[in-house]
Structure formats: C-alpha cells, structure tokens
Engineer: 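Can you read through this structure? Questions will come right after.
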Amino acid sequence: MSFLTLFSLQDKVALVTGASYGIGFEIAKALSGAGATIVFNDVVEENLHKGLAAYREAGIHARGYLFDITDEQAVAEHIRRIEEEVGVIDILVNNAGIIQRKPMLETTAADYRKIIDIDLTGQFIMAKAVLPSMIKKGHGKIINICSMMSELGRETVVGYASAKGGLKMLTKNICAEFGGQNIQCNGIGPGYIATPQTAPLREPQVDGSRHPFDQFIVSKTPAGRWGNPDDLAGAAIFLASDASNFVNGHVMYVDGGILAYIGKQP
C-alpha cells in the first residue's frame with residue numbers, strides 16, 4: 001500500500017459535530033481534502049446555514065443537519081437519515097462542545113450539568129449511535145476532541161475540565177470495548193489555537209504591548225506561538241485514516257509542546 005493510499009479518505013463518510021465554524025470546520029476541511037464526504041451538524045439553524053455557505057465558498061460539498069447531540073432520540077433519527085441519504089458513517093469526529101469561565105464557587109449545579117451534558121454525555125450519545133453500523137461494516141474511526149484540560153486543571157473551568165477529563169476516559173473505554181471489532185477511538189487535544197473566538201486574547205494593548213494572556217501562552221509553549229487551526233489537520237487525517245489502524249485509546253496533544261514544558265525559571 002502506498003503512503004498516499006494509507007492516508008486517503010476516499011469514499012469515506014465523515015460526520016463532524018458542531019462544524020459550522022472554528023476548529024470543527026477546519027478539521028472537516030482537512031478530511032475533505034483527503035477525500036472524505038463531509039456531514040456536519042449544528043444546534044442553531046442560523047449557524048447551520050452559515051456553515052453550509054462557508055463550505056460552498058471553500059469548494060466543499062457538505063451536508064448539514066440540525067439536531068442536538070444531547071437528545072438521544074433526535075441523534076438516532078438523524079444518524080439513520082444520514083445513512084440513508086449519504087451513507088454509513090466511517091468517521092465520527094466528536095467536536096461539538098461549550099466552555100463556561102466562572103469561578104467554581106459561582107458555578108451552579110445546573111451550570112455544571114449543562115457543560116457535562118454537552119461536552120461529555122453528547123459525545124457518548126453520538127458514539128453509541130454510530131457504533132452499530134461501524135460494527136456491521138467491520139471498521140470505524142471515532143475521534144474525540146479533547147483538550148489540554150483532559151490533563152490539567154485551571155481556574156474558572158471546573159465543568160469544562162471535568163468533562164474533558166471524562167472524555168479522555170470515554171475514549172479509552174470505547175477502545176477497550178470495541179477494538180476487537182476493528183474500531184479505533186482516539187482523541188485530539190488541541191493547545192491554544194488562534195481562532196476568531198480567541199482573537200480578543202491576542203489583541204495588542206493600548207500601549208502596543210502583548211495581551212497578558214497572549215504573553216502567558218506564548219511563554220509556556222516551546223513552539224513560541226499559538227497554534228493555527230490547520231495545525232490540527234495532520235492529526236485528524238492520521239487518526240481518520242488506515243495509517244492509524246493499530247493506534248487506539250490515545251489522546252494526541254497538538255499543543256506546540258505546552259504539556260511537556262514546566263516553563264522558564266523567573
């Protein structure tokens with residue numbers, strides 16, 4: 001098998017949740033570039049239409065579906081619909097998620113449950129929905145978008161860190177339970193990525209100096225910069241392709257080395 005064939009996603013159907021914009025959109029673009037047919041969802045109709053327009057502008061024929069990943073019945077119905085209209089899902093990228101930045105003592109149980117529901121339970125529901133057809137087909141790839149918070153704690157993100165830590169273990173458990181059916185479940189843990197959502201954290205101050213958070217992240221990252229969304233492309237293609245057929249239950253951190261580095265002595 002040639003290297004190009006090993007990494008090819010030709011004739012594969014990839015479902016990327018929450019991929020109307022941001023990291024999910026960039027991962028979907030990468031998978032499309034390797035040959036995959038792209039399907040995505042959103043829970044907000046306006047975002048879905050904006051996503052469809054963005055894919056068209058990028059020259060990608062993508063199918064968009066409106067449903068909530070935390071609604072088990074809606075997910076099951078839409079997976080059946082996707083299988084009928086597009087084909088059996090070969091690759092699931094569990095990308096959809098939220099973050100809330102609030103001190104723990106100000107975080108209500110309702111706040112916490114909402115984050116866990118979207119960032120962890122929703123990933124379980126999506127994986128459960130696609131697994132039967134993957135088992136029947138004899139092959140499948142599930143990629144969970146984890147986080148450095150799968151490994152680290154940080155002030156104000158107690159719900160997010162709890163969910164992403166749980167998602168790491170969900171990744172391992174899916175590997176343990178379904179590896180014998182030739183299904184690989186791995187994770188990608190992005191570092192700090194330069195997206196429109198993080199742009200305010202990188203804007204220069206009035207005096208022209210770097211934003212304190214920008215300075216903090218760059219100083220803690222051996223690569224000396226924020227990641228770009230396309231820095232995730234190689235990891236996504238690798239974990240979605242036959243090149244990773246004996247890689248299972250791992251989280252690949254694409255973080256410029258930040259998790260390996262304690263930082264410079266002051």
Side-chain angles (χ1 to χ4, degrees), residues 14-19 22-24 26-27 31 69-70 75 91-101 104 107 111-131 134 140-181 183-193 195 217 220-221 227 229 231-241 243-262:
L15 168 58
V16 186
T17 64
I23 286 175
E26 294 299 328
I27 287 175
L31 300 183
I69 64 168
T70 69
V75 168
I91 303 154
L92 168 66
V93 182
N94 267 325
N95 167 75
I98 62 169
I99 188 169
Q100 181 187 65
R101 295 180 174 88
M104 180 172 174
T107 301
D111 292 334
Y112 189 83
R113 290 190 186 104
K114 180 178 180 180
I115 297 166
I116 296 295
D117 202 29
I118 295 172
D119 290 4
L120 180 57
T121 308
Q123 326 303 310
F124 161 79
I125 290 171
M126 289 301 304
K128 183 181 175 185
V130 302
L131 277 163
M134 288 182 173
K141 302 280 187 175
I142 297 175
I143 303 171
N144 292 324
I145 303 303
C146 296
S147 166
M148 292 191 300
M149 297 303 107
S150 298
E151 300 290 343
L152 299 173
R154 190 167 183 272
E155 302 89 342
T156 76
V157 292
V158 61
Y160 183 80
S162 298
K164 292 300 185 177
L167 188 57
K168 177 182 76 169
M169 295 311 300
L170 177 63
T171 300
K172 291 177 179 291
N173 204 79
I174 292 172
C175 158
E177 192 160 350
F178 300 100
Q181 280 77 44
I183 293 167
Q184 292 84 51
C185 181
N186 293 287
I188 295 175
Y192 284 91
I193 305 297
T195 66
I217 291 304
K220 293 292 185 181
T221 306
D231 284 321
L232 301 170
I237 292 169
F238 170 65
L239 293 177
S241 72
S244 61
N245 281 352
F246 204 56
V247 178
N248 212 351
H250 293 280
V251 179
M252 180 180 293
Y253 291 99
V254 185
D255 65 353
I258 193 169
L259 281 175
Y261 185 45
I262 196 170

Engineer: Please give me the minimum heavy-atom distance between H250 and T171, naming the atom from each residue.
Structural biologist: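 That would be O-CG2, 4.1 Å.
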
Engineer: Any sub-3.5 Å donor-acceptor pair from S244's side-chain atoms to F238's backbone N or O?
Structural biologist: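 Pair found, side chain donor or acceptor close to backbone of F238.
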
Engineer: Within the side chain of T17, is there an N or O that forms a donor-acceptor pair under 3.5 Å with the backbone of A96?
Structural biologist: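 Answer holds: yes.
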
Engineer: Look only at the side chain of N186 and the backbone of V251, and say whether a donor-acceptor pair between them is shorter than 3.5 Å.
Structural biologist: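 A pair under 3.5 Å: no.
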
Engineer: Give me the atom names and distance for the closest heavy-atom approach of K220 to Y261.
Structural biologist: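 Looking at all heavy atoms of both residues, the shortest contact is O-CD2, 3.3 Å.
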
Engineer: Which pair of heavy atoms, one from M134 and one from K141, lies closest together, and at what distance?
Structural biologist: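 Minimum heavy-atom contact is CE-O, 3.5 Å.
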
Engineer: Counting only N and O atoms by type, is there a donor-acceptor contact under 3.5 Å from the side chain of T156 to the main-chain atoms of R101?
Structural biologist: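 Here the side-chain-to-backbone pair does not exist.
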
Engineer: Any sub-3.5 Å donor-acceptor pair from K164's side-chain atoms to E151's backbone N or O?
Structural biologist: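 Here the side-chain-to-backbone pair does not exist.
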
Engineer: Looking at N248 and G179, would you say the former's side chain and the latter's main chain have a donor-acceptor pair under 3.5 Å?
Structural biologist: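 Between the backbone of G179 and the side chain of N248 there is no qualifying donor-acceptor contact (under 3.5 Å).
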
Engineer: Could you tell me if Y112 and S162 have a donor-acceptor pair between their side chains, going purely by distance under 3.5 Å?
Structural biologist: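 Present: a donor and an acceptor within the cut-off.
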
Engineer: At their closest point, which heavy atom of I23 faces which heavy atom of N95, and how far apart are they?
Structural biologist: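 Looking at all heavy atoms of both residues, the closest pair is CG2-OD1, 4.0 Å.
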
Engineer: Please name the pair of heavy atoms, one in I27 and one in A236, separated by the smallest distance, quoted to 0.1 Å.
Structural biologist: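 Looking at all heavy atoms of both residues, the shortest contact is CG2-CB, 3.9 Å.
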
Engineer: When you measure from the side chain of N144 to the backbone of K168, do you find a donor-acceptor pair of N or O atoms at a distance under 3.5 Å?
Structural biologist: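 Checking the backbone N and O of K168 against the side chain of N144, no donor-acceptor pair under 3.5 Å is found.
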
